[in-house]
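No hydrogens, no waters, no symmetry mates; every other heavy atom, side chains included, goes into these values.
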Amino acid sequence: QVQLVESGGGSVQAGGSLRLSCAASGYSNRRNCMGWFRQAPGKEREGVASVGCGGGLTYYTDSVKGRFTISQDNARNAIYLQMNSLKPEDTAMYYCAAAPWVARENALHPQSYSYWGQGTQVTVSS
């Protein structure tokens with residue numbers, strides 16, 4: 001049974017940093033695709049960053065490029081999202097997701113992912 005457990009969310013002021021973690025069990029991220037998504041109240045879930053999709057590259061949505069960094073630790077079967085220079089518009093529930101394979105053009109599409117964690121809340125105040 002695949003389980004993804006996120007941690008590291010919290011409340012910070014604009015300009016601050018947070019590091020999200022996602023621990024996977026019953027699943028190996030060595031050859032698979034994993035990603036971070038977020039959903040703000042009243043908005044659709046959107047892809048933030050992914051790793052291991054379509055050849056192992058990393059992908060980011062434009063709004064977080066240069067501020068967020070996704071990384072993976074194959075030994076610990078985990079991925080991370082380092083978030084710097086946080087803005088109020090980054091406020092959302094953040095989810096970790098995984099899939100056996102995702103084409104690179106779909107790396108940030110929620111519909112491409114099979115497994116999801118429960119989410120961790122990130123709140124950025126101005």
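Both L18 and V64 sit in one connected hydrophobic cluster of ILVMFWY residues. Membership requires side-chain heavy atoms under 4.5 Å apart, directly or through other members. Linking Ile, Leu, Val, Met, Phe, Trp and Tyr whenever their side-chain heavy atoms come within less than 4.5 Å leaves L108 and V51 in two separate clusters.
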Walk me through it: do D62 and K65 pass the test salt bridge (charged side-chain N to carboxylate O under 4.0 Å, His left out)?
-> CA-CA 5 Å; D62 287 345; K65 287 179 180 177; 2.9 Å; yes
How far apart are the C-alpha atoms of I79 and D73, what are their side-chain angles, what is the distance that settles it, and do they pass the side-chain contact (heavy atoms from CB on, under 4.5 Å) test?
-> CA-CA 6 Å; I79 63 168; D73 183 338; over 6 Å; no
side-chain contact (heavy atoms from CB on, under 4.5 Å) evaluation trace for M83 with L20 | CA-CA 8 Å; M83 305 186 295; L20 305 184; 3.7 Å; yes
Test I70 against Q82 for side-chain contact (heavy atoms from CB on, under 4.5 Å), laying out the working first.
-> CA-CA 6 Å; I70 189 171; Q82 178 66 43; over 6 Å; no
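Between R67 atom CZ and T69 atom OG1 the span is 11.0 Å, to the nearest 0.5 Å. Interatomic distance, Q121 CD to M93 CE, rounded to the nearest 0.5 Å: 5.0 Å. The structure places OG of S25 at 7.5 Å from CG of L4, a figure rounded to the nearest 0.5 Å. In this structure, CZ on F37 lies 12.5 Å from OH on Y95, to the nearest 0.5 angstrom. The OG atom of S125 sits 15.5 Å away from the NZ atom of K87 when rounded to the nearest 0.5 Å. Rounding to the nearest 0.5 Å places CH2 of W101 at 9.5 Å from SG of C33.
No donor-acceptor pair closer than 3.5 Å links the side chain of E6 to the backbone N or O of C22.
Tested against Q39, the residues E46, E44, R45 include a single side chain to side chain donor-acceptor pair (under 3.5 Å) partner, R45. Across W36, Y59, Y60, a single residue satisfies side-chain contact (heavy atoms from CB on, under 4.5 Å) together with S50, and that is Y59.
For the residue pair N84 and S17, the shortest heavy atom distance occurs at OD1-OG, 2.9 Å. The minimum heavy-atom distance between S112 and A99, with the atom names listed, is O-CB, 3.5 Å. The two residues T120 and G9 have their closest heavy-atom pair at OG1-N, 3.1 Å. Of all heavy-atom pairs between V124 and T91, the closest is N-OG1, 2.8 Å.
Looking at heavy atoms from C-beta onward, L86 lies out of side-chain contact with Q13 at the 4.5 angstrom threshold. Within the 4.5 Å cutoff, the side chain of C96 has heavy atoms near those of the M34 side chain. Residues Y80 and Q72 have side chains not in contact (no heavy-atom distance under 4.5 Å, counting atoms from C-beta outward).
By the 6.0 Å contact criterion, CD on E89 is enclosed, its count of non-hydrogen atoms from other residues, nucleotides or ligands being greater than 12.
The aromatic rings of Y94 and F68 are tilted relative to each other, their planes meeting at an angle between 30° and 60°.
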